[in-house]
Each structure stands twice: as C-alpha cells, then as structure tokens.
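Working notes for the structure below.
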Amino acid sequence: LAGLDAAARAALAERLLDWAGFRRYGDDGAVAADAAACVADAALTCGALSGGQRQLVYLLRCLAPCFAPGAPGLAGVSEA
C-alpha cells in the first residue's frame, strides 16, 4: 500500500469499510456516520473506536493489500 497516494488509500479504505458494513454509532444508538464520513474525518483515530470496531479495522488492514489496485489476481477487477 506504500505505493498508493493518499486519495487511493482513502478510496480503498472507504470501499473496505463499506463492504464490511462499518458504521459509527452515536450515544443514542443511531448511526452517526457511514464509511465515507469516517474516512473523511481526519480527527477519527482507532482510539475513538469500540473494541469490535478496532478488531474489524485490524482485519481490514491485513486484507487491504489483497484488494489494492494492481494486486496480483485482480487483473479484471475495476477500482469502482
């Protein structure tokens, strides 16, 4: 992932988080932000996430190289 620019990394993060159903919930239990809003929120860090959300982010970080543009085996897969 080191070869990706910031915009490509953000797009990949958004796709993976959305695919995994990641949502940030408010204190009232309602959805406060979707994957796109979480990626765009520069102040959001792993410290602000619940334990389950941290585990999901860790798993997605491990899988990210497999889904990055130009990854082996993804020749016919579009980036959209």
Side-chain angles (χ1 to χ4, degrees):
L1 298 179
L4 298 179
D5 63 14
R9 279 195 310 272
L12 176 62
E14 183 179 333
R15 282 196 316 267
L16 288 172
L17 289 170
D18 190 51
W19 169 77
F22 183 89
R23 301 289 180 266
R24 189 172 52 176
Y25 295 91
D27 293 333
D28 60 357
V31 175
D34 62 1
C38 290
V39 170
D41 184 359
L44 182 64
T45 64
C46 280
L49 303 176
S50 70
Q53 290 171 328
R54 286 182 201 167
Q55 289 177 341
L56 177 63
V57 168
Y58 175 78
L59 175 65
L60 293 175
R61 284 183 67 180
C62 293
L63 294 174
C66 301
F67 294 96
L74 295 178
V77 177
S78 69
E79 295 183 24

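The first residue of the sequence shown is numbered 1, and numbering continues consecutively from there.
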Name each donor-acceptor pair under 3.5 Å that joins a side chain in residues 23-31 to protein atoms two or more places apart or in another chain, with its distance.
residue: Arg24; atom: NH1; partner: Asp41; partner atom: OD2; Å: 3.2
residue: Asp28; atom: OD1; partner: Ala30; partner atom: N; Å: 3.0

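A pairwise comparison of heavy atoms in Val39 and Ala10 identifies CG1-O, 3.6 Å as the closest pair. Closest of all the heavy-atom pairs between Phe67 and Leu12 is O-CD1, 3.6 Å.
Taken to the nearest 0.5 Å, the CG atom of Leu17 stands 10.0 Å off from the CD atom of Gln53. Here the straight-line distance linking atom CH2 of Trp19 with atom CG of Leu63 works out to 6.5 Å at 0.5 Å rounding.
Scanning for salt bridge (Lys or Arg N to Asp or Glu O under 4.0 Å) contacts around Arg54 gives an empty result, with sequence neighbours left out. Partners of Asp34 according to the salt bridge (Lys or Arg N to Asp or Glu O under 4.0 Å) rule, which considers only residues two or more places apart in sequence or in another chain, do not exist here.
Clustering ILVMFWY residues whenever any of their side-chain heavy atoms sit less than 4.5 angstrom apart, transitively, puts Leu16 in a cluster other than the one holding Tyr58.
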